[in-house]
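Report on the following structure.
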Protein chains: 2
Amino acid sequence: MQQTDDDQAGLGGRVTSYDVARRAGVSQSAVSRAFREGASISAELRARIHRAAAALGYAPSHIARALMTQRSRLVGVLVTEATARNNPDILFHLGQHIQEAGNRMLVFTLPDDAAGDGILSDLLSYHVDGLIAATTLPEETLRRCARHGVPVVLYNRHGIAASVACDHTMGMRDLAAYLARTGTRDAAFIAGPQEAPVSEERHRAARAAFAEFGMTLRPAVHADYTHAGGHAATVAVLTGVAPPDTILCANDTMALGAIDACRHTLGLSVPGDVAIAGFDDVPQAGWPSYSLTTVAQPIPDLARAAVHLLVDQIDGRTTANERRLVPAALVVRASSRSAAAG
Amino acid sequence: MQQTDDDQAGLGGRVTSYDVARRAGVSQSAVSRAFREGASISAELRARIHRAAAALGYAPSHIARALMTQRSRLVGVLVTEATARNNPDILFHLGQHIQEAGNRMLVFTLPDDAAGDGILSDLLSYHVDGLIAATTLPEETLRRCARHGVPVVLYNRHGIAASVACDHTMGMRDLAAYLARTGTRDAAFIAGPQEAPVSEERHRAARAAFAEFGMTLRPAVHADYTHAGGHAATVAVLTGVAPPDTILCANDTMALGAIDACRHTLGLSVPGDVAIAGFDDVPQAGWPSYSLTTVAQPIPDLARAAVHLLVDQIDGRTTANERRLVPAALVVRASSRSAAAG
DNA sequence: ATGTCGCTTGCATACGCAGTCAATATTCTT
DNA sequence: AAGAATATTGACTGCGTATGCAAGCGACAT
């Protein structure tokens, strides 16, 4: 029923709506309408055309359709290597939701140093209907997107566009509250690379929260978001004079490196000698060798929200520059002191 | 110099080659040629047109170009959730190489149960120039791709198409040789899900290699590729009568779960009581808390090879159905017994 | 029986660009 | 200096589809 004789397309090029029209004995317009939801066409004709189309293995060309309708049903996604590595599955989740909305995901990968600007004209060349940027984009680029009518949603970033972000402030506040109750007085902060916006934001949130609870947060030590980076920074911090009682890392991977540094390089106990916390709740954080206290960043929710926000903009259903905050949840595990120890 | 007055595109729709032609005082054909590498046009004219184009913020439309040239410069990539999770960064690496070859990556994500067939007509609708499938595809689908002239490269899979795969046989043989030298006599194999082709292949390679070195490899215990799955399977295997002296896992994540099961649930020492090995060399395998002996699957190389193979096919430079094997490297760490212990 | 209205359908055109063909400008040859 | 060869350029058409417009057609009311 599905499989009739299929495509005799052979080598004769692709099957077009004209071929279907000829076979069904109708005009090309009718074929076009048969494949356009809600078009003015009778049920019988539509059925007949669909039969002919199935027999020929015809499917409408998105390319040609895009040219006519000015809607490509393509959503551009910008990622850097660092983003891809720190947010496992982010591309997959974005892809799922983009597809559920009837679109396709066109991925633009950038080297970490970026300058996501040069890519813009390329984006426009593909007539993307919208853009999800998990990358820092210059304001000028965002303005040009707006001028060209391309909606943009920033992922875990702020800027002159709609955005979706994890509620770092709230998450960090919950974490700080817990740490305060369990004996933290003086903490070091291991940050990501200098320019990393999420690290910046988490650091800002941490400063505010630590101040609120009367704890000291030392100036940030910058690392590179990796396990090795966290390891090295931790060794540096803890071998100085007057080591802190707690190490807070801008992401889980560095926190896991910190734990390994304590246990395997410095011979310190976690959380006995020093408490350690991260941010993200990557799968490894829950593994018994680490059992890292952290704040869960709900990537599936972020992805869903980003796509919905974008689709709403594309369909003109929403005001631009809307900002959506997705809650983050504190996850207490064994790398921080227990409540009794306070 | 780059930034002139840019687009006055405002709301008047997109800038076309006609707009540029008018501004530069030439024909539309000339504009087209100015943006086509190697076209017949004088250097001065080209420069003048590029100036006009820059002033207007013009870039040729890939969509329209695709319609004319029958080349979309779009490469489709098929992934399932499991693939995305087990091969971190795979999408990113594929994207990088696809872009270096002057194409763009159009991602098709599939739920794990798949049936990657329904997606084919959609693929063809986008006129993808080629396809990289990190998914199991029915033969019929592959045949239809061939009929439609869409080259396919299978990623870590075999089938009636070109393919790129990690050399599991050689990698497993090296691992088995090392294990044999260090005291392994009787090993359990923790496999992935029933249908997973890479797990199958690694299992087959392991059986052959273990036989060659005169070691026993017990029938596979199936798990789900996750840490929790490896943990549970390990507990089951080691609490039975006559536990094995070695546990070999179809991927690293399960092997890490196995280590955690031994140390944190069963109170066993690794490798003292049981040696453990995996396959992949994910970043966590090298972290000091685990230090897992494994076989490195070079994802960047696989990605590069896949893209090159595909591009060669697209450009007609290579025979179809070519198969490329990328070497895998044994990585000896502390989860297996040391050579002296043999 | 005639006019009107709503639903279908076909015709013709446009979307933005690449490439063919013929015309023109340029250079080289003897 | 004239003719041949070559390098540039422009007018025009087609890639595969969507849609405005007008024509056809049955139903319905008057």
Side-chain angles (χ1 to χ4, degrees), chain A residues 7 9 12-49 52-53 56-74 121 124-129 148-149, chain B residues 7 9 12-49 52-53 56-74 121 124-129 148-149:
Chain A
D7 32 5
R14 58 181 297 119
V15 186
T16 76
S17 54
Y18 283 101
D19 301 325
V20 178
R22 195 172 316 115
R23 172 158 182 142
V26 296
S27 72
Q28 179 269 329
S29 317
V31 177
S32 170
R33 282 191 270 259
F35 283 91
R36 181 87 208 101
E37 192 73 25
S40 168
I41 187 173
S42 67
E44 308 88 71
L45 223 210
R46 184 189 296 256
R48 181 147 61 94
I49 290 173
L56 294 172
Y58 167 82
S61 158
H62 273 111
I63 299 286
R65 180 175 282 179
L67 198 55
M68 268 303 294
T69 60
Q70 310 285 39
R71 282 279 304 263
S72 62
R73 308 219 67 104
L74 247 33
S121 62
L124 298 174
S125 296
Y126 277 104
H127 296 217
V128 294
D129 291 338
H148 285 274
Chain B
D7 34 1
R14 56 180 301 120
V15 185
T16 77
S17 55
Y18 284 98
D19 301 325
V20 177
R22 196 171 317 116
R23 172 156 182 145
V26 297
S27 72
Q28 179 269 329
S29 315
V31 178
S32 171
R33 282 192 272 260
F35 283 90
R36 181 85 208 103
E37 194 71 25
S40 168
I41 188 172
S42 67
E44 310 87 69
L45 224 209
R46 186 189 294 258
R48 181 147 61 95
I49 290 174
L56 293 172
Y58 168 82
S61 158
H62 273 110
I63 298 287
R65 179 175 285 179
L67 201 53
M68 269 303 296
T69 59
Q70 310 286 39
R71 281 281 303 263
S72 62
R73 308 220 68 105
L74 247 31
S121 63
L124 298 174
S125 296
Y126 277 105
H127 296 216
V128 294
D129 292 340
H148 285 275

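Here is the naming used below: chain letters follow the sequence lines, and residue numbers restart at 1 for every chain. Model, not experiment: these values are computed from the prediction. Just the heavy atoms: all of them, side chains too, but no hydrogens, waters or symmetry mates, feed the values below.
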Provide, to the nearest angstrom, the distance between the [atom1] atom belonging to [X] and the [atom2] atom belonging to [N].
X	N	atom1	atom2	value
I63(B)	dC17(C)	CD1	C1'	12 Å
Q28(A)	dA12(C)	CD	P	13 Å
M68(A)	dC17(C)	CE	C1'	15 Å
R14(B)	dA14(C)	CZ	C1'	15 Å
I41(A)	dG6(C)	CD1	C1'	17 Å
L67(A)	dT13(C)	CG	C1'	13 Å
I49(A)	dG10(C)	CD1	C1'	12 Å

Over all atoms of both residues, closest heavy-atom pair of [X] and [Y]:
X	Y	result
S72(B)	A66(B)	CA-CB, 3.7 Å
R33(B)	I41(B)	O-CG2, 4.2 Å
S61(A)	H127(B)	OG-NE2, 2.8 Å
T16(A)	Y58(A)	C-CE1, 3.5 Å

Nearest heavy atom decides the nucleotide; on that basis, is R33(B) or T69(A) closer to the 5' end of DNA chain D? R33(B)
Has the side chain of R48(A) got a donor or acceptor atom that lies under 3.5 Å from a matching backbone atom of A24(A)? yes
Taking only side-chain N and O atoms of [X], does any of them lie within less than 4.0 angstrom of OP1 or OP2 on [N]?
X	N	value
R65(B)	dC17(C)	no
S17(B)	dC17(C)	yes
S27(B)	dG10(D)	yes
T16(A)	dG16(D)	no
S42(A)	dT9(C)	yes
Y58(B)	dC17(C)	yes
S29(B)	dA18(C)	no
R36(B)	dA18(C)	no

Less than 4.5 Å apart, side chain to side chain, heavy atoms only: is that true for R65(B) and F35(B)? yes
Side-chain contact check for S40(A): nearest option of dC12(D), dT9(C), dT17(D) is dT9(C)
Does [X] reach a base, just sugar-phosphate, or nothing at all? Heavy atoms under 4.0 Å.
X	value
S61(A)	sugar-phosphate
Y18(A)	base
L45(B)	sugar-phosphate
V31(A)	nothing

Tell me which of G25(A) and H127(A) sits closer to the 5' end of DNA chain C, going by the nucleotide each one is nearest to. G25(A)
Go through the N and O atoms of the side chain of Q70(A) and the base of dA18(D), and report whether any donor-acceptor pair is under 3.5 Å. no
